[in-house]
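To start, the structure under review is shown below, and the notes come after it.
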Amino acid sequence: MPIDLRIYPDDCDAFGHLNHAAFVRLFERARWDSLAEGPGMDAFQQASAWPAVRRTSVEYLAAAFPGDVLRFEQLVTHVGRTSFTMRQSARRLGDDRLLAAAEFVFVCVDRKGRPVPVPAVIRGLFGSEGGDGASRLTVHGVELSVAVEGEGPAVLFIHGYPLDRTIWAHQVAHLHGARRIAPDLRGFGRSDAPDLGYSMATWADDMAGLLDALGEDRAVVCGFSMGGYVALEFARRHPARLAGLILVDTRAAADSEEGRRGRDAGIQLVRDRGAGAIAEQMLPKLLAPATAKRRPELVAQVESMIRRTPVAGIAGALAAMRDRPDNRPLLPTLEVPVLVLVGAEDAITPPAEAEAMVAALPGAELRVIPDAGHLTPVEQPEAVTREMAEFLRRAGGV
Ligand code: MLT
């Protein structure tokens with residue numbers, strides 16, 4: 001839950017900037033306020049487990065001044081046996097500027113300072129995992145948050161930019177007869193977000209590592225938009241593990257020169273003004289105009305998904321998309337069943353892109369989903385799940 005705190009002159013240095021040590025205190029104040037508004041300030045006392053800070057890392061991105069009101073967001077990103085990790089961010093209300101991002105690692109100890117298990121209450125706190133059946137798996141040294149549902153042949157769902165696995169909520173809940181695996185890519189949702197190291201190849205290898213961790217040799221790989229770029233990279237790097245492909249609102253071509261310049265401008269924008277500025281830029285393009293008008297709750301859901309995406313993930317994804325290869329030569333070499341889905345009103349990867357892919361893919365099927373823009377799985381979830389179920393049935397035993 002967000003916590004708003006005001007900056008006072010006694011938080012500031014001689015130049016009137018919020019002091020860096022005072023900032024750490026404000027992060028702590030925000031954690032206490034979250035406890036006070038949630039399970040109570042005595043939640044740790046009740047469990048006889050005290051969270052001792054083991055590591056603090058703060059990135060200070062911009063100055064704050066007396067009178068500014070900062071919005072603090074807190075998210076538990078990892079819960080181990082005796083330790084847990086919390087990510088916090090502080091934005092200024094008003095210009096929505098990201099001022100600092102921090103990570104705190106805590107070890108729970110008893111009164112004698114001996115490590116004790118993390119209290120159960122922490123697992124449900126501050127928006128940590130839980131509730132949607134997600135778990136955390138370490139893949140290539142990075143913890144990924146992943147929802148896994150059902151039994152049957154594996155279908156791996158890869159979300160797009162700057163989104164997370166929740167875009168597949170309907171498919172994960174209802175695509176029966178398959179083992180549905182929906183991770184947050186590194187840098188997104190509740191997965192770890194390292195500062196560097198983003199590329200299509202890294203994500204494709206993460207997906208192969210995730211299948212290893214889940215004991216799956218092969219999977220139908222389903223990628224939405226940027227997730228489609230990852231799916232095609234997976235097809236190039238791990239062809240023996242690909243049982244089929246579902247490409248949703250995506251394209252095979254690389255970025256144009258103008259597109260690459262746009263990615264660089266996006267990197268600058270997110271570094272200067274945070275994920276909120278990316279939300280403003282992307283929202284008008286993601287949904288069909290009629291959806292945006294008729295379904296404000298969907299707009300709010302997508303907006304908050306973008307706003308909670310780590311800056312490192314957004315900047316990393318923009319660079320990875322800018323540098324991705326042209327996948328058109330790969331298409332005719334694919335020897336698996338392929339379904340291509342596209343929203344009839346997709347403004348980012350329009351139906352012409354889908355048609356071009358199908359023309360180059362031997363035996364691929366194209367389905368155009370009416371009344372949907374770019375975010376087809378969110379705008380028309382039932383139709384998308386139905387098309388996928390029919391494709392899996394037709395493809396039989398993939
Ligand atoms: C996405 O939806 O994943 C991105 O908008 C794709 C892109 O920008 O190329």
Side-chain angles (χ1 to χ4, degrees), residues 156-168 171 182-189 191 198-200 202-204 206-207 221-234 245-270 275 277-288 291-292 298-299 301-303 305-310 313-328 340-343 345-354 356-357 369 372-380 384:
L156 174 65
F157 291 94
I158 310 177
H159 64 78
Y161 158 92
L163 308 167
D164 62 36
R165 64 178 154 75
T166 60
I167 66 161
W168 303 114
Q171 291 73 45
D184 285 331
L185 292 171
R186 66 164 72 196
F188 291 87
S191 289
Y198 296 91
S199 69
M200 294 302 151
T202 304
W203 280 318
D206 281 353
M207 296 302 98
V221 179
C222 170
F224 166 76
S225 201
M226 183 186 81
Y229 313 155
V230 178
L232 289 172
E233 190 63 29
F234 183 96
L245 256 184
I246 305 178
L247 297 170
V248 186
D249 296 280
T250 189
R251 59 160 61 85
D255 276 2
S256 63
E257 269 314 307
E258 191 193 343
R260 290 195 178 102
R261 281 195 295 276
R263 305 293 191 195
D264 288 333
I267 293 171
Q268 197 59 49
L269 181 69
V270 73
I278 298 290
E280 275 166 35
Q281 186 189 59
M282 293 292 294
L283 267 174
K285 294 187 273 186
L286 285 171
L287 302 165
T291 313
L298 219 55
V299 179
Q301 178 194 331
V302 176
E303 182 175 0
M305 201 186 309
I306 300 175
R307 281 180 180 274
R308 63 179 183 248
T309 302
I314 292 181
L318 285 164
M321 289 194 283
R322 177 195 63 202
D323 299 338
R324 75 184 191 278
D326 181 358
N327 285 316
R328 285 173 298 184
V340 177
L341 295 178
V342 65
E345 297 164 51
D346 185 341
I348 294 181
T349 48
E353 297 279 359
M357 286 193 295
I369 309 289
H374 185 56
L375 253 177
T376 310
V378 174
E379 292 181 75
Q380 296 298 339
V384 167

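Every number for a ligand or one of its atoms is a count from 1 in the order of the listing.
- Side-chain contact between I306 and L163: present, with at least one pair of heavy atoms (C-beta onward) separated by less than 4.5 Å.
- Residues Y161 and L318 form a side-chain contact, since some pair of their non-hydrogen atoms from C-beta on lies under 4.5 Å apart.
- H159 and F188 have perpendicular rings, their planes meeting at more than 60° on a 0 to 90° scale where under 30° would count as parallel.
- Ranking protein heavy atoms by distance to atom 9 (O) of ligand 1, first place goes to Y229 OH, 2.5 Å.
- Interface atoms of ligand 1 facing M282, defined by a heavy-atom separation under 4.0 Å, are 5 (O).
- Residues L232 and R324 are not in side-chain contact: their nearest non-hydrogen atoms beyond the backbone lie 4.5 Å or more apart.
- Contact analysis puts H374 in contact with ligand 1, with a non-hydrogen atom separation below 4.0 angstrom.
- Remark: distances from the non-hydrogen atoms of R322 to ligand 1 are all 4.0 Å or more.
- Note on E258 versus R261: no salt bridge recorded, every NZ/NE/NH1/NH2 to OD/OE distance being 4.0 Å or above.
- With respect to atom 6 (C) of ligand 1, the closest heavy atom belonging to the protein is S225 OG, 3.1 Å.
- Polar contact with ligand 1: present for Y161 (N/O pair, distance under 3.5 Å).
- The protein heavy-atom contact nearest to atom 8 (O) of ligand 1 is R263 NH1, 2.9 Å.
- Ring geometry, H374 versus F224: the interplanar angle falls from 30° to 60°, so the pair is classed tilted.
- By the 3.5 Å distance cut-off applied to N or O atoms, M226 is counted among the residues near ligand 1.
- Counting atoms of ligand 1 from 1 in the listed order, those under 4.0 Å from a heavy atom of G160 are 3 (O).
- With sequence neighbours excluded, no residue satisfies salt bridge (Lys or Arg N to Asp or Glu O under 4.0 Å) with D323.
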